[in-house]
Chemist: 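Take a look at the following structure, please.
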2 protein chains.
Amino acid sequence: MDLSIGELARRTGVKVPTIRYYEQIGLLPAPPRTEGQQRRYGKAAVARLSFIRHSRELGFEVEAIRTLVSLQDDPDQSCATADQIAKTHLVEVEKRIASLTALRSELQRMVEECACGRVAECRVIETLADSGHRHGRLHDF
Amino acid sequence: MDLSIGELARRTGVKVPTIRYYEQIGLLPAPPRTEGQQRRYGKAAVARLSFIRHSRELGFEVEAIRTLVSLQDDPDQSCATADQIAKTHLVEVEKRIASLTALRSELQRMVEECACGRVAECRVIETLADSGHRHGRLHDF
DNA sequence: CGTAATCTCTATAGTGACTAGAGCTTCAAG
DNA sequence: CTTGAAGCTCTAGTCACTATAGAGATTACG
């Protein structure tokens with residue numbers, strides 16, 4: 001096992017520049033290099049990068065992952081922290097689902113009611129122009 | 001009706017710097033100014049900014065909104081374009097919901113199975129470390 | 001009318017999590 | 001030994017804002 005960055009990328013599904021970026025921000029440890037300064041990775045790197053990737057797929061932020069990987073490195077510790085991170089994230093995800101579901105209904109209504117005539121009668125434009133909506137945060141998806 | 005930027009912000013729920021940003025990127029027209037160079041807005045600005053805000057809430061990207069506002073300004077045009085934008089977005093939203101729902105199940109399973117002992121037996125960490133997963137795109141939330 | 005509090009101005013830089021490009025060097029195959 | 005893919009560093013760009021600094025304008029109150 002002595003993988004180039006490209007090989008590691010292929011095995012983990014993480015792009016090459018992203019791997020270098022993770023190293024830069026200290027999420028992935030700097031690996032040994034060849035004489036010509038090319039990175040060479042071992043099994044541990046594949047495991048850690050897979051962990052990071054899966055965590056990102058699940059929507060965990062890099063800061064949360066930083067905590068999770070440090071927990072993983074210290075297996076005698078209590079996992080209450082990991083549990084808490086996962087629970088918090090679960091709440092976030094549930095909020096997003098609720099928000100997107102509301103959005104879907106609104107879009108469906110917009111599209112169904114659009115008879116595709118002139119804009120003057122268009123329900124899509126009309127719905128968007130309608131300002132009678134709660135003022136929540138904009139980024140709640 | 002001669003609103004300061006702060007007043008406009010309060011009425012539409014869009015933050016002051018965001019309003020200036022929208023003007024900068026040409027989403028909101030530059031309003032007239034007082035002698036001291038302060039922006040003053042009328043009814044039309046309130047309407048347009050509400051439109052923009054609601055569109056953003058619904059997850060439309062700024063580029064899509066640019067098209068939508070130009071459609072709104074030109075009410076004799078066909079609304080097929082607006083309809084198309086909404087439909088495309090609906091498909092996107094449905095994908096996100098599906099993705100998040102799958103994610104929720106995984107998180108729920110993780111959290112439920114965590115006995116909160118040591119990290120060595122933690123299901124949260126274990127699930128994340130499990131690399132036996134499909135390689136989809138990372139940004140599909 | 002004076003002054004203090006608040007608001008607004010511009011400009012620049014920072015956020016998160018990458019992504020893209022330039023211009024070079026190294027490595028593995030033939 | 002040559003070729004060309006893959007690697008290297010570094011900088012800048014993405015999206016949609018958000019934050020900060022330091023100045024000037026406006027408003028409310030006494």
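Please read all numbers here as calculations on a predicted model, not as lab measurements. Protein chains get the first letters and strands the later ones, always in sequence-line order, with residue 1 at the start of each.
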Chemist: Using whole Å, what does the distance between atom P of nucleotide C:dT8 and atom CD1 of B:Ile19 come to?
Modeler: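 Rounded to whole Å, this separation is 9 Å.
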
Chemist: Using a cut-off of 4.0 Å between protein heavy atoms and nucleotide atoms, how would you tag nucleotides 2-12 of chain D 5' to 3' with B, S and -?
Modeler: -----SSB---

Chemist: Could you check how far CZ of B:Arg53 sits from P of D:dA16, rounded to whole Å?
Modeler: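 My rounded result for the distance is 16 Å.
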
Chemist: I'd like to know if A:Glu63 pairs up with A:Arg66 as an ion pair, taking the criterion as any Lys NZ or Arg NE/NH1/NH2 lying under 4.0 Å from an Asp or Glu carboxylate oxygen.
Modeler: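 Yes.
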
Chemist: What integer distance in Å separates A:Leu3:CG from C:dC27:C1'?
Modeler: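 The distance from CG of A:Leu3 to C1' of C:dC27 comes to 15 Å, rounded to the nearest Å.
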
Chemist: Is A:Tyr21 linked to A:Val69 within one hydrophobic cluster, defined over Ile, Leu, Val, Met, Phe, Trp and Tyr using a side-chain heavy-atom separation of less than 4.5 Å?
Modeler: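 A:Tyr21 clusters together with A:Val69.
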
Chemist: Are B:Glu23 and B:Arg20 close enough for a salt bridge, meaning some N to O gap below 4.0 Å?
Modeler: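 The answer is no: the pair does not qualify as a salt bridge.
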
Chemist: In terms of side-chain geometry, is the basic nitrogen of A:Arg48 or A:Asp73 positioned less than 4.0 Å from the acidic oxygen of its partner?
Modeler: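 So A:Arg48 pairs with A:Asp73 through a salt bridge.
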
Chemist: Roughly, in whole Å, what's the span from OH in B:Tyr41 to C1' in C:dC9?
Modeler: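 So the OH-C1' distance, B:Tyr41 to C:dC9, works out to 12 Å.
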
Chemist: Do A:Thr18 side-chain atoms and A:Val14 backbone N/O form a donor-acceptor pair below 3.5 Å?
Modeler: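 Checked: no pair found.
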
Chemist: Could you identify which residues of residues 60-68 of chain A place a heavy atom less than 4.0 Å from some atom of DNA chain C, listed by residue number, or say none?
Modeler: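 Heavy-atom cutoff 4.0 Å gives A:Glu61, A:Val62.
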
Chemist: Does the side chain of A:Lys15 get closer than 4.0 angstrom to OP1 or OP2 of C:dC18 through an N or O atom?
Modeler: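 Looking at the OP1 and OP2 atoms of C:dC18, neither is under 4.0 Å from any side-chain N or O of A:Lys15.
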
Chemist: Could you give the CD-to-C1' distance, from B:Glu23 to D:dC17, as a whole number of Å?
Modeler: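 Taking CD of B:Glu23 and C1' of D:dC17, I get 16 Å after rounding.
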
Chemist: Any side-chain N or O of A:Tyr22 under 4.0 Å from OP1/OP2 of C:dA17?
Modeler: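 A:Tyr22 to C:dA17 OP1/OP2: no side-chain N or O under 4.0 Å.
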
Chemist: Does B:Thr18 make a side-chain N or O approach to OP1 or OP2 of D:dT18 shorter than 4.0 Å?
Modeler: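 Answer is yes, contact under 4.0 Å.
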
Chemist: Tell me whether the OP1 or OP2 atom of C:dG16 has a side-chain N or O from A:Tyr21 closer than 4.0 Å.
Modeler: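 Looking at the OP1 and OP2 atoms of C:dG16, neither is under 4.0 Å from any side-chain N or O of A:Tyr21.
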
Chemist: List for me each residue that meets salt bridge (Lys or Arg N to Asp or Glu O under 4.0 Å) alongside B:Glu94, sequence neighbours excluded, and say none if there are none.
Modeler: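 Checked B:Glu94 against salt bridge (Lys or Arg N to Asp or Glu O under 4.0 Å); zero matches.
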
Chemist: From CD of B:Glu35 over to P of C:dC7, roughly how many Å is that when rounded to an integer?
Modeler: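 These atoms are roughly 23 Å apart.
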
Chemist: With a 4.0 Å cut-off on N to O distance, would you call A:Glu7 and A:Arg10 a salt bridge?
Modeler: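 Judged by the 4.0 Å cut-off on N to carboxylate O distance, A:Glu7 and A:Arg10 do form a salt bridge.
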
Chemist: Under a single-linkage definition using a 4.5 Å side-chain heavy-atom cutoff for Ile, Leu, Val, Met, Phe, Trp and Tyr, are B:Val91 and B:Leu100 assigned to the same hydrophobic cluster?
Modeler: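 Different clusters.
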
Chemist: Counting only heavy atoms not in A:Glu61 (residues, nucleotides, ligands), do more than 12 fall under 6.0 Å from its CD?
Modeler: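 Count not over threshold, so no.
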
